[in-house]
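Here's the structure we're looking at; comments come further down.
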2 protein chains.
Amino acid sequence: MGYTISQVAKKFDLTAHTIRYYDKEGLLPFVDRSKTGNREFSDSDLDWLKLICCLKNTGMPIKQIKQYIGWCLQGDDTIEIRRQMFLDHRKEVLKQMDNLKENLKIIDYKLEFYATNCNINDNRNKDCNQLSIGK
Amino acid sequence: MGYTISQVAKKFDLTAHTIRYYDKEGLLPFVDRSKTGNREFSDSDLDWLKLICCLKNTGMPIKQIKQYIGWCLQGDDTIEIRRQMFLDHRKEVLKQMDNLKENLKIIDYKLEFYATNCNINDNRNKDCNQLSIGK
DNA sequence: TTACCATTTAAAGTTAGCTCTAAGTCAAGT
DNA sequence: ACTTGACTTAGAGCTAACTTTAAATGGTAA
């Protein structure tokens with residue numbers, strides 16, 4: 001039978017509106033319809049959607065995801081460009097992870113500061129309001 | 001003397017426009033002005049801005065950063081709530097890192113697939129177009 | 001003095017990614 | 001037959017974070 005849009009929405013923690021929006025934007029050209037025109041998602045469709053969410057959640061714009069879907073539909077001639085896209089995107093993801101790590105250091109520095117100067121012995125004379133975050 | 005807005009923009013890889021926007025949104029209430037009304041950034045201001053960028057680049061909305069800045073201005077009564085904000089935000093950042101790691105796995109799976117089935121011996125009969133990305 | 005910068009403000013415009021509304025269709029239950 | 005609820009579309013509306021524009025001011029260099 002396949003899954004209805006609301007079942008899929010639940011599974012992926014999206015709204016049906018959002019899934020229709022993705023469809024409208026060209027991200028789901030493969031999803032079939034029932035006799036009455038309702039979307040029917042197959043298991044393979046869920047795999048596509050999982051990949052789409054992966055790309056979206058790692059910061060790829062919807063337009064670029066659409067382009068990738070288009071390449072997939074075009075067939076094997078686009079295999080190399082698709083592979084390159086994943087390589088490039090992988091680099092992007094690693095960069096994001098590095099950025100998060102760096103920023104986590106700053107946050108941890110601040111937390112250390114609050115712990116050391118503010119909460120032990122409720123010492124309110126020391127200035128926890130300063131913003132020096134180290135070099 | 002302090003730094004001009006364009007010097008700061010350069011340092012932080014932002015535009016002067018963006019910095020003025022942050023100021024307008026209440027993120028930079030501490031920045032002084034010269035006699036002629038131009039912003040003059042001190043070293044301490046740069047530390048603030050560094051923290052602001054850290055929070056922004058880890059996904060904190062500008063409104064929430066503004067709220068934090070407001071708490072700082074209010075003084076020591078808000079220390080505990082600020083500390084809690086950093087604790088909460090730290091959790092968010094860790095969650096983001098976990099998400100990135102999970103999604104990186106999917107990307108690596110795809111890359112492995114492209115490497116195995118598509119590029120070795122230029123074997124174009126195998127279907128690299130499929131989207132099954134594993135369980 | 002004139003030209004050329006960088007700066008200022010207020011306000012309008014842009015983009016991405018939804019989010020919601022209106023009006024309609026269809027299938028199942030009472 | 002009627003009601004309820006899930007689905008459909010087109011299109012309008014919304015929010016965040018800029019980004020650009022217009023008009024004005026001030027400092028420096030030739």
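Order of the sequence lines fixes the chain letters, A, B, ..., with proteins taken first and strands second; residue numbering starts at 1 for each chain.
An OP1 or OP2 oxygen of dT9(C) is reached within less than 4.0 angstrom by a side-chain nitrogen or oxygen of Arg33(B). Between Arg39(A) and dC7(D) there is no side-chain polar atom (N or O) within less than 4.0 angstrom of OP1 or OP2. Between dC7(D) and Thr4(A), a contact under 4.0 Å exists linking OP1 or OP2 to a side-chain N or O. When the side-chain nitrogen and oxygen atoms of Ser6(A) are compared with OP1 and OP2 of dC7(D), one or more of them lie within a distance under 4.0 Å. Side-chain nitrogen and oxygen atoms of Tyr22(A) include none within less than 4.0 Å of the OP1 or OP2 phosphate oxygen of dG17(C).
One can place CD of Gln7(B) at 11 Å from C1' of dA6(C), the figure rounded to the nearest angstrom. Atom-to-atom, NZ of Lys10(B) to C1' of dT7(C) comes out at 16 Å; the value is rounded to the nearest Å. A straight line from NE2 of His17(A) to C1' of dT8(D) spans 12 Å, rounded to a whole angstrom. Distance OH (Tyr21(A)) to C1' (dT21(C)): 18 Å, rounded to an integer number of Å. Taking atom CD1 on Ile19(B) and atom P on dT19(D), their separation rounds to 12 Å, with Å as the unit. Distance CD1 (Ile52(A)) to C1' (dG17(C)): 15 Å, rounded to an integer number of Å. One atom, CD of Glu25(A), and another, C1' of dT19(C), lie 13 Å apart when rounded to the nearest Å. Taking atom CD1 of residue Ile65(B) and atom C1' of nucleotide dA17(D), one finds them 11 Å apart after rounding to whole Å.
Residues Thr18(A) and Lys35(A) each lie close to DNA chain C; by heavy-atom proximity, the contact nearer the 5' end of the strand is made by Thr18(A). Each of Ile5(A) and Lys24(B) was matched to the nucleotide of DNA chain D holding its nearest heavy atom; the match closer to the 5' end belongs to Ile5(A).
Seen from the ring of Tyr21(A), Lys24(A) does not count as a face-on cation partner, given the 6.0 Å and 45° thresholds.
To the nearest 0.5 Å, the span separating CG on Asn57(B) from NZ on Lys50(B) amounts to 12.0 Å.
Using a 4.5 Å cut-off on side-chain heavy atoms (C-beta onward), Gln96(B) and Leu100(B) make no contact. Residues Arg33(A) and Glu40(A) fail the side-chain proximity criterion, which asks for heavy atoms closer than 4.5 Å.
Ranking dT19(C), dG27(D), dT7(C) by closeness to the Thr36(B) side chain, first place goes to dG27(D).
Smallest separation of non-hydrogen atoms from Arg82(A) and Cys72(A): CD-SG, 3.7 Å.
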